Amino acid sequence: MTAPARHISIVGGGIIGVSSLYYLSRALSRLPAGSTLNLYEAGQDVAPAASGKSGGFLALDWHGTATADLAELSFRLHKELADEFSGREKWGYREVETLSVKFDSNRSRSKGPASLDWVDGKHVSSSSTMGGNGTTAQVTPRPLVRHLASEALKVSGVSIHKATRVVAAELDAASGRVKQIKVRNAHGSEEDVESTDLIIAAGPWTGALASSLFSNSEAGLPSLLRKAKKIGGSRAHSVVIQGSRPTTAHCLFTDMRYGNKAAAPEVYAREDGTVYICGGSDEVILPENESDIVPDLKATAKLIEQAAVLSPDVLNVDKGAKVKAEQACYLPISEGTGSPVITGDAKSGIYIAAGHSCWGITLGVGTGKVVQELVTDGKVSSADIRMLQ
Ligand SMILES: Cc1cc2nc3c(=O)[nH]c(=O)nc-3n(C[C@H](O)[C@H](O)[C@H](O)COP(=O)(O)OP(=O)(O)OC[C@H]3O[C@@H](n4cnc5c(N)ncnc54)[C@H](O)[C@@H]3O)c2cc1C
Ligand SMILES: *[C@@H]1O[C@H](CO)[C@@H](O)[C@H](O)[C@H]1NC(C)=O
Ligand SMILES: *[C@@H]1O[C@H](CO)[C@@H](O)[C@H](O)[C@H]1NC(C)=O
Ligand SMILES: *[C@@H]1O[C@H](CO)[C@@H](O)[C@H](O)[C@H]1NC(C)=O
């Protein structure tokens, strides 16, 4: 008798779900004949939420013990993917020098690093190197996620269902293994889909989903759902500004004082001449639907003001710089441990990959790789993720 086909469903088309889809598409030929791979994304396209609005800064060795090994794997995979698919042109992959910059508009005659010619150096009271020489890099996240999705779709048996929400899942009462899921499209029509494996990669929505998905199931729920239920979100704002002239390959972690104000925006110059600027998070509760996330324009105006103070010649909208995006998104936060949850078991066929907080792009592709190993091999060999399971 031949082994029965696997029907793997992924909930969520952010970087975690799509990276899982990508690496699973590479392993699909090793699964029993007729196996399929389906990804469901509630939004209109992949990466509508944090994975499309994130900074895309990548750090090799800035991580705690729980994620250090995964970060090393993922940092290397980012480089390999960029080499294989021309990531420099397609999603702005490059190595960057990363600086900590203290800026004080009340002090002058200070001197910033000479190479950083787009920052107002006379108010830089100190700066130090945080990364470089292959330890920090960057990507533009949305085109990266879209590219991985398009590569996965080239494999037969792989599908992506946009504007389609996973609304329920059912376990087999006898075996306790996932049996089918219910999906709802934008017109409200519902369909049951046979699933032998279910990967929940719903970012900040993971907690709510883990609590609601199995509401009609009679079988005992696997304990790994308890960890998933603790994953929620925290809102943060960002802007993208097209500078009036080119910038250098620098990412800045700032500490600014100007007038009677203080702020600490992160400022990432990108390959395409735009600069991404993001600020701290606030307490506004996560809406049920991604499409209902709207930025508070007072928060983005502050970021635009800080950009002009830091870079009066290049990032000043009064002097030719252009605002390309004002946006908000939610960091997926695991209340339990603060670390991502990457776990699953072959018995239930349920896998969780979420809660990456401010490192989901750095850790995203590596997470996809270890999820693939969990699903196809039942164990992870590429990185030590024991503290995340
Ligand atoms: C302002 C900001 C800046 C950041 N900067 C960086 C950075 O520089 N470097 C870095 O490494 N990380 C950064 N991050 C963190 C990173 O963006 C996130 O950790 C990462 O994008 C999370 O990816 P995800 O796939 O888990 O979640 P998401 O991108 O939120 O994707 C989850 C998806 O699931 C979908 N979904 C939810 N429920 C359902 C359902 N029932 N059915 C179908 N689909 C569903 C949602 O629509 C969504 O698209 C930043 C985050 C923010 C907010
Ligand atoms: C890179 O290495 C060189 C030589 O070891 C060193 O002088 C320089 O400071 C390093 N730069 C960074 C950003 O670490
Ligand atoms: C900077 O100077 C202004 C005007 O003199 C003053 O109001 C403000 O408090 C000073 N800010 C700091 C951080 O010292
Ligand atoms: C979210 O969207 C679905 C349809 O996609 C809709 O039925 C639901 O009411 C929306 N939720 C809210 C809070 O608007």
Side-chain angles (χ1 to χ4, degrees), residues 9-21 39-59 62-63 67 71 74-75 78 98 136-142 144-145 160-169 181-188 200-210 212-213 231 233-239 251 253 265-266 268 276-281 286-293 295 299 303 327-334 340-342 352-368:
S9 298
I10 302 175
V11 192
I15 192 164
I16 305 301
V18 169
S19 297
S20 303
L21 183 82
L39 181 144
Y40 300 89
E41 167 51 53
Q44 300 298 315
D45 201 345
V46 295
S51 299
K53 293 172 180 163
S54 153
F57 174 73
L58 313 177
W62 293 24
H63 307 274
T67 51
S74 202
F75 197 84
H78 268 294
T98 305
T136 53
Q138 72 180 163
V139 296
T140 307
R142 184 175 282 131
L144 165 63
V145 174
I160 294 179
H161 308 266
K162 296 173 185 173
T164 305
R165 182 179 295 273
V166 176
V167 293
I181 61 170
K182 190 185 286 297
V183 303
R184 184 185 296 151
N185 70 16
H187 311 292
I200 303 178
W205 290 277
T206 298
L209 204 56
S212 66
L213 267 188
I231 298 171
S234 172
R235 189 173 80 159
H237 284 86
S238 58
V239 299
C251 289
F253 288 73
E266 294 169 17
Y268 306 152
Y276 177 95
I277 299 141
C278 64
S281 55
L286 178 72
E288 183 182 338
N289 294 325
E290 169 278 322
S291 53
D292 291 331
I293 298 175
L303 294 171
Q327 57 203 7
C329 63
Y330 281 78
L331 300 159
I333 308 276
S334 167
V341 175
I342 306 174
I352 313 288
H356 291 70
S357 182
C358 61
W359 292 113
I361 306 301
T362 298
L363 300 175
V365 294
T367 298

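It should be emphasised that the depicted structure is a prediction, and the values quoted were computed from it without experimental measurement. Indexing begins at 1, ligand by ligand and atom by atom, following the structure's order.
The nearest protein heavy atom to atom 1 (C) of ligand 4 is closer than 4.0 Å. There is a protein heavy atom closer than 4.0 angstrom to atom 14 (O) of ligand 4. Taking a distance limit of 4.0 Å, we find that atom 9 (O) of ligand 4 is approached by no protein heavy atom.
In this comparison of Pro332, Gly203, Gly14, the heavy atom closest to atom 22 (C) of ligand 1 sits on Pro332. Across the listed options Ser238, Ala49, Ser357, Gly17, Ser357 owns the non-hydrogen atom lying nearest to atom 15 (C) of ligand 1.
Contact between Thr164 and ligand 1 is present, with at least one heavy atom of the residue lying under 4.0 Å from the ligand. Pro48 counts as a contact of ligand 1, since one of its heavy atoms falls under 4.0 Å from the ligand.
Using cut-offs of 30° and 60° for the angle between ring planes, the His63 and Trp359 rings count as perpendicular.
An N or O contact shorter than 3.5 Å links Asn289 to ligand 4 by distance.
A donor and an acceptor atom, one from each side chain of Ser234 and Tyr330, are nowhere located under 3.5 Å apart. When only modelled atom types and interatomic distance are considered, Asn185 and Arg165 share no side-chain donor-acceptor pair under 3.5 Å.
Trp62 has its ring centre less than 6.0 Å from the ring centre of Phe57.
Contact annotation for Ile15 and ligand 1: heavy atoms of both the backbone and the side chain come within less than 4.0 Å of the ligand.
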